[in-house]
Amino acid sequence: MSNKEKILNIAVIAHVDAGKSTLVDAFLRQSDVFRDNEEVVNCIMDSNDLERERGITIYSKNCSVIHNGVKINIVDTPGHADFSSEVERIIRTVDTVILLVDASEGPMPQTRFVLSKALEIGLKPILLINKIDKKDQRAEEVVDEVYELFLDLNANDEQLDFPILYGVAKEGRVQYDLKTPSDNIDPLFDTILKHCDVYPDMDEEPLQMQVSALAYDEYIGRLGIGRLYSGVLKQGQQYIRCNQSGLNAKESLSKLFVYKGLSRTSVPEAHSGDIVVIAGMPDISIGDTICTADHVEPMEHIEIEEPTLSMNFHVNSSPFAGQSGKYVTSRNLKERLEKELEVNVGLKVEPTDSADCFKVSGRGELHISVLIENMRREGYELAVSKPEVILHKDENGHKVEPIEEVVCLAPEEYSGTIINKLNLRKGVMQDMSEENGYVKIVYTAPTRGLLGFRSEFINDTHGEGTLVRRISGYEPYKGEIAQRMEGAMISTETGEAMTYALWNLQERGQLFISPQTPVYEGMIIGQSSKNIDLDVNPLKNKKLTAIRSSGRDEAMLLTPPKIFSLEEALEWINDDELVEVTPDAIRIRKKGLTALDRRNLYRQKMNAQ
């Protein structure tokens, strides 16, 4: 190894909000990656606008630092269950994982998922209890909970003997125990190098590199990202690409990159153990193995989890179509979805009976809504149907559906409402505990029943509760689950909404629009307080007369309207409704815009049954 760089790959895994991206910031800041005069933002790795706004990691990303002569490749993984397929693949490319756990919350459902994947392939994790500066920190109890979690996941004796560190990633400090303060993350660096051996020198072995992630570059096309397990990879040479269907194609490597700091750096050759990025193979896919012609040996297939939810993406057909978007045709929509499939392997796109509609399937609501949000920012217009859960059949031909573990943490006074709502959604309580006035409720419930539950939960707990979900498996079909109980207020006119009309309508439910908002016939402008749809006229104005009344006009005070985010709108709609997504607006509408269209659609639905 004397003439070759020592290499070690690590991944940071944790639940959402535990501090993964902040810890990666500390790695980079304390490794002289940045110039002294360089302006550095927080959560450097969350480079996507959507990631910065939402404060979550959506796409796994790589960087590298040098410590004591060892190159450490760091992988920042998504913490949300909807992006779990990325986590599974990335964990295969690393030598150890840093399990980050909040000193107050303890291990959460997603922690369990990512840890189980790491333990399955034999990795020996390092535990870092983060946020020990919190007032309600309970680090010692959390360590016991992590031990219980390891035992539940059948960790072996070697894995159970994990090192434990404590720290505050935001302040860039990690310490060996709670009593010994520190002002940097050197204890973590030292523990990584002591706990895990550097990758052995396998340069003389036959070449084997497996693709675990994809990227796309406008200039050089599709990129394959993965670990070089053995041999030396050289730019400009021809190699054999073995795909999952057994096809071996001879292709040239036009570009070869490795990670240096935050940059993707072009190199003439890469050595065993490193994470590399390759270009020049247009059909490269997840799980493909790169070998030499004289030693073709494909690596074990990488399974990609099946989608659990699907939505229909329609061409926008509303009266306001084309007013703000650049891309509005079915051809535009088809090309954009095909481009997404280049890198988003957890996604599935299928044609439907209509040329203006595509069925898009993904790992969850967030997985698909991130795609929709990116599309609207790029100038696309589309209409999206209610998410539908993908059902399967077991070996006996019985219908099965995805089941999720739901963890609710909320003030005690709201527990009755939460339990009642989850019971109505075919949920089964698994555990309930109370501490410091907060109750923790654990349920298993079908994914179908949880569609739309998040926004209800936030309202029911007045914003004080937290809700965490993860898919735990498949169980027999649970039967019919009631949809939204309230009806919709549907506009019968096209124009601008008037204050007078809205002032009269607000007694009949909750409004979604404010005065002067453009509306069209068939657009939903509010939620009815009764379980029926109401056809209303939001354009109606007060009759003006030449004679003034002796009393002063009553001031028309309107209750602030409910403004939906994209996820909330998708959760709220029923089967006969669509969410219209444009660069400047999110609107909700009926599939049939006129009353006659709606009656005809209802008749067709009844006849189909």
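Atom set for the values below is all heavy atoms of this structure, side chains included, hydrogens, waters and symmetry mates excluded.
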Distance flag, aromatic centroids of Tyr147 and Phe162, threshold under 6.0 Å: yes
Check: Ala279 main-chain N/O paired with Ser254 side-chain donor or acceptor under 3.5 Å: yes
Over 12 non-hydrogen atoms of neighbours within 6.0 angstrom of CD in Glu350: yes
Backbone N/O of Lys124 and side chain of Glu158: donor-acceptor pair under 3.5 Å: no
Side-chain donor or acceptor of Thr93 paired with backbone N/O of Arg227 under 3.5 Å: no
Side-chain donor or acceptor of Arg222 paired with backbone N/O of Ile284 under 3.5 Å: yes
Side-chain donor or acceptor of Thr22 paired with backbone N/O of Ala169 under 3.5 Å: no
Side-chain donor/acceptor of His295 to backbone N/O of Glu205, under 3.5 Å: no
Sidechain-backbone polar pair: Glu373 side chain, Leu566 backbone, donor-acceptor under 3.5 Å: no
Donor + acceptor pair across side chains of Thr180, Asp177 (<3.5 Å): yes
Lys134, NZ: over 12 other non-hydrogen atoms inside 6.0 angstrom: yes
Flag if over 12 foreign heavy atoms under 6.0 Å of CG, Asp197: no
Side-chain donor-acceptor contact under 3.5 Å, Thr447 with Glu404: yes
Main-chain N/O of Ser272 paired to Asp203 side chain as donor or acceptor, under 3.5 Å: yes
Minimum heavy-atom distance between Ser230 and Pro206, given as atom pair plus value: OG-O, 2.6 Å
Heavy-atom closest pair, residues Val258 and Val276: CG1-CG1, 4.0 Å
